[in-house]
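Structure, as structure tokens:
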Amino acid sequence: MTESSTAKLLNGDACRRTTNGKNQASKNGYVKNHCLFQQSQKYSRLEKKQNGNSNSSLYKKPYVESYEETPLLVAVLTYMGYGILTLFGYLRDFIRHWNIEKCHVARERDEQKDFVPLYQDFENFYTRNLYMRIRDNWNRPICSVPGAKMDLVERVTHNYNWTFEHTGQVVKDVINMGSYNYLGFAENTGACYDAAVKATHTYGAGVGSTRCELGNLDIHEDLEQLIARFLGVESAMAFGMGFATNSMNIPALTGKGCLILSDELNHTSLVLGARLSGSTIRVFKHNNMQSLEKLLRDAIVHGQPRTHRPWKKILIVVEGIYSMEGSIVRLPEIIALKKRYKAYLYLDEAHSIGALGPNGKGVVDYFGLDPKDVDVMMGTFTKSFGAAGGYIGGKKELINYLRCHSHSAVYATSMSPPVAQQIITSMKVIMGEDGTSLGADRLRQLSENTTYFRRKLREMGFIIYGNDNSPVVPLMLYMPAKIGAFGREMVKRNIGTVVVGFPATPIIESRARFCVSAAHTKEMLDRALEAISEVGDLLQLKYSRREQPLPSLGWISEESHLQD
């Protein structure tokens, strides 16, 4: 069970949950009476009812996350499934070697044998024998706006998913439960569409130069001023690609002699940026403040390896919402640790900006914190804003430095003007500067949809991960055969979703990931829930062993919780 580190951080002692209304002593014999939620002991690993508001000075609202333990039988069957697939894979490779198998598409062609292989041996084996079996669930082409509903291009395969042929047919009105369209701005009607069309007529579709040469337009300046005002920081800078915002800017901020403390579930762009920087990287357990504090203490006490000199810089790198787990960062505690140990904080709000907080300003707004406490505020426009690119906000000195030293700023082509205008218009709608309440309505609708969808899935008996307020909803599938079957059965019922398996997730934690949007109506969510229930019964996915509903939020009503 993960303990709350807030009390340990401030008071030097630990805090545990209460069980059946009785206080359980912590390791040092003390009992904390501010742990509000109850937890059953039978979910010893991870039905983590994490309660972050163990100290009122750090948390102003309940922090509820659940990760129910994988049932033992399911875990055993999952390992057996991967084992059987592996054995049959080696058998099929043996059959291919002796030309017994009729389909030769999985074999290396003779003209390729003199070239260096693109994949390592096991990666090649995994791709041929495991991934290809369910490849039809990914890279599905769509031919419409990826809004609340979308149109899918129908395709077939005649060689076991190695190649696909389009039939010319289109699957209409598929409910989109996979796109990061949190606020519904990915649309081809409305104010954003009209403004983007006007910007295209005015500026054209592209710029054809970098910002430091001839690619700096007035619309880019307006965008960056608006971003800074939206975030509540001194200055901000926009980039044309969200992935490059992380991978190209972290190397500009840290280098040799610096230490990066990275959450184990951070996005690939953060991992790549940390590796490119040349800094020393140490990984702490996901959202575990004890693990982070131990690394910080060791860094301060021991310094750099061999020389033991102090680190030039210690940078903590976390995300706002983790896209595979649906969890929200324990930001108040991380800021408290950062201040205590004089470190810097890099916050990636790719999935949380626009999707969290009463004003849609991300996880900082969600917890009611001061943006100045976050040294580097990063986010993308590819989710809630229905556009492309990313941003970094912070002090003027930071942004001026990045303008001169960031590879993404110096060498990359400027953001497309229609994209910049899409961001400006959608951000003004969120801020209410368009003169309407559309932004507030969408924020409220997203919160209500998230709460409703998560509650219904739990009531059906599914194991879902993440924070109660996260619009990213992972539903656990576990077994490899059920990954492909779930995706196919959902498409048959006109529901488009994303299924994820190893190596993107741990081997026994394959899942389907739903992304809730403000554009979803209650009827759409009910149709999706009905389809999920049918497929769940068909594939026997209702693994949850909860006998009681989740603990109530106590002193907070459901209505006020939604408004928050």
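Counting begins at 1 with the first residue of the sequence.
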(message) Test side-chain contact (heavy atoms from CB on, under 4.5 Å) on Y182 and H351; report intermediate values, then the result.
(response) CA-CA 9 Å; Y182 297 128; H351 287 268; 2.8 Å; yes

(message) Check whether D370 reaches the backbone of K372 with its side chain - one donor and one acceptor, N or O, closer than 3.5 Å.
(response) yes

(request) Go through the steps to decide whether V472 and N467 satisfy the test side-chain contact (heavy atoms from CB on, under 4.5 Å), and finish with yes or no. (result) CA-CA 9 Å; V472 180; N467 194 285; over 6 Å; no

(message) Is it true that, when you exclude F502 itself, more than 12 heavy atoms of the residues, nucleotides or ligands shown sit nearer than 6.0 Å to its CZ?
(response) yes

(message) Quick check on L276: does its CG atom have over 12 non-hydrogen neighbours (other residues, nucleotides or ligands) under 6.0 Å away?
(response) yes

(request) Start with the C-alpha gap between L347 and M378, add the side-chain angles, then the distance that decides, and say whether side-chain contact (heavy atoms from CB on, under 4.5 Å) holds. (result) CA-CA 6 Å; L347 174 63; M378 177 272 171; over 6 Å; no

(request) Go through the side-chain N and O atoms of Q445 and N449 and say whether any donor and acceptor fall under 3.5 Å apart. (result) yes

(message) Can you tell me how far apart CZ (R330) and OH (Y59) are? Round to the nearest 0.5 Å.
(response) 4.5 Å

(message) Does R229 form a salt bridge (Lys or Arg N to Asp or Glu O under 4.0 Å) with E224? I'd like the steps, not just the answer.
(response) CA-CA 9 Å; R229 188 154 50 86; E224 291 175 345; over 6 Å; no

(request) Please test M177 against V473 for side-chain contact (heavy atoms from CB on, under 4.5 Å), starting from the C-alpha separation and ending with a verdict. (result) CA-CA 10 Å; M177 297 297 298; V473 186; over 6 Å; no

(request) For the pair E264 (side chain) and K285 (backbone), establish whether a donor and an acceptor sit closer than 3.5 Å, ignoring hydrogens and angles. (result) no

(request) Flag the pair V317 / L261 as yes when at least one side-chain heavy-atom distance between them is below 4.5 Å, and no otherwise. (result) no

(request) Can you measure from CG (L315) to OG (S279) and round to the nearest 0.5 angstrom? (result) 8.0 Å

(request) Determine whether V174 and K149 make a side-chain contact, defined as any pair of heavy atoms from C-beta on separated by less than 4.5 Å. (result) no

(message) How about OH on Y452, more than 12 heavy atoms from neighbouring residues, nucleotides or ligands closer than 6.0 Å, or not?
(response) yes

(message) We want to know whether T413 and R211 form a side-chain donor-acceptor pair, criterion being a heavy-atom distance below 3.5 angstrom.
(response) no

(message) Determine whether D194 and K198 satisfy the following criterion, salt bridge (Lys or Arg N to Asp or Glu O under 4.0 Å), listing intermediate values before the conclusion.
(response) CA-CA 6 Å; D194 296 336; K198 184 177 179 181; over 6 Å; no

(message) Quiz question: by atom type and distance under 3.5 Å, do the side chains of N181 and S179 form a donor-acceptor pair?
(response) no

(request) Measure the shortest side-chain to side-chain distance between I316 and V318 over non-hydrogen atoms and say whether it is less than 4.5 angstrom. (result) yes

(request) Would you give the length of the straight line joining atom CD of Q225 to atom CD1 of I424, rounded to the nearest 0.5 angstrom? (result) 10.0 Å

(request) Would you check if the side chain of R454 reaches a backbone N or O of Y465 as a donor-acceptor pair within less than 3.5 Å? (result) yes

(request) Look at the side chain of R511 and the backbone N and O of E509, then say whether any donor-acceptor pair between them is shorter than 3.5 Å. (result) yes

(message) Check this for me: R403, atom CZ, are more than 12 non-hydrogen atoms of other residues, nucleotides or ligands nearer than 6.0 Å?
(response) yes

(message) Would you compute the distance between atom CG of L525 and atom OG1 of T450 and round it to the nearest 0.5 angstrom?
(response) 9.0 Å

(message) Measuring only between side-chain heavy atoms, which start at C-beta, is I314 closer than 4.5 Å to Y344?
(response) no

(request) Kindly indicate, with the supporting measurements, whether the criterion side chain to side chain donor-acceptor pair (under 3.5 Å) is fulfilled by N246 and D348. (result) CA-CA 8 Å; N246 279 330; D348 179 348; 3.0 Å; yes

(message) Taking the six-membered ring for Trp, are Y391 and F381 closer than 6.0 Å centroid to centroid?
(response) yes

(request) Please state whether the rings of H286 and Y322 are parallel, tilted or perpendicular, taking 30° and 60° as the class boundaries. (result) perpendicular

(message) Testing the basics here: between I392 and L398, what is the closest heavy-atom pair and its distance to 0.1 Å?
(response) CG2-CD2, 4.4 Å

(message) Checking the side chain of W138 only, and the main-chain atoms of V499 only, is there a donor and an acceptor separated by less than 3.5 Å?
(response) yes

(message) For F185, does the six-membered ring have the charged nitrogen or CZ of R442 within the cation-pi criterion, i.e. under 6.0 angstrom from the centroid and within 45° of the normal?
(response) yes

(message) Does any part of the side chain of I335, heavy atoms only, come nearer than 4.5 Å to the side chain of L345, both counted from C-beta?
(response) yes

(message) Closer than 3.5 angstrom, by distance alone: can the side chain of S414 be matched with the main-chain N or O of S209 as a donor-acceptor pair?
(response) yes

(request) Mind listing the closest non-hydrogen atom pair of C258 and K312 along with its distance? (result) SG-CB, 4.0 Å

(message) Counting C-beta onward and ignoring hydrogens, is there a side-chain heavy-atom pair between I260 and I250 closer than 4.5 Å?
(response) yes

(message) Donor-acceptor pair, distance only, cut-off 3.5 Å: does the side chain of H520 make one with the backbone of N176?
(response) yes

(request) Give a yes or no answer on whether the side chain of S247 reaches the backbone of F243 with a donor-acceptor pair at less than 3.5 Å. (result) yes

(message) What I want to check is whether the side chains of E213 and T210 have a donor and an acceptor closer together than 3.5 Å.
(response) yes

(request) Identify the heavy atoms of L183 and G354 that sit nearest to each other, and give their distance. (result) CD1-O, 3.2 Å

(request) Find the distance between CE (M241) and OG1 (T382) and round it off to the nearest 0.5 Å. (result) 10.0 Å

(message) For the residue pair N249 / T245, report whether a side-chain donor-acceptor contact shorter than 3.5 Å exists.
(response) no

(message) Are the side chains of L259 and K313 in contact, using a 4.5 Å heavy-atom criterion?
(response) no

(request) Give a yes-or-no answer on whether the side chains of D263 and N287 include a donor-acceptor pair shorter than 3.5 Å. (result) no

(request) Hey, could you give me the CD/CG distance between E448 and L443, rounded to the nearest 0.5 Å? (result) 11.5 Å

(request) Measure from the side-chain N and O atoms of S447 to the backbone N and O of R444, and report whether any donor-acceptor pair falls under 3.5 Å. (result) no

(request) Could you verify whether a donor N or O on one side chain and an acceptor N or O on the other, from S406 and S408, lie under 3.5 Å apart? (result) no

(request) Salt-bridge test for K339 and D373: reply yes if a basic N is under 4.0 Å from a carboxylate O, no otherwise. (result) yes

(request) Say whether Q421 and Y203, considering side chains only, have a donor N or O and an acceptor N or O under 3.5 Å apart. (result) no

(request) Return yes if a side-chain donor-acceptor contact under 3.5 Å exists between D375 and Y346, otherwise no. (result) no

(request) Could you check if a side-chain atom of E333 sits within less than 4.5 angstrom of a side-chain atom of L337, using non-hydrogen atoms only? (result) no

(request) For the pair R340 and E293, find out whether any cationic side-chain nitrogen is under 4.0 Å from an anionic carboxylate oxygen. (result) yes

(request) Considering non-hydrogen atoms only, spot the tightest contact between S426 and F385 and give its length. (result) OG-CD2, 3.4 Å

(request) Answer yes or no: is there a donor N or O on one side and an acceptor on the other, between the side chain of S352 and the main chain of G362, under 3.5 Å? (result) no

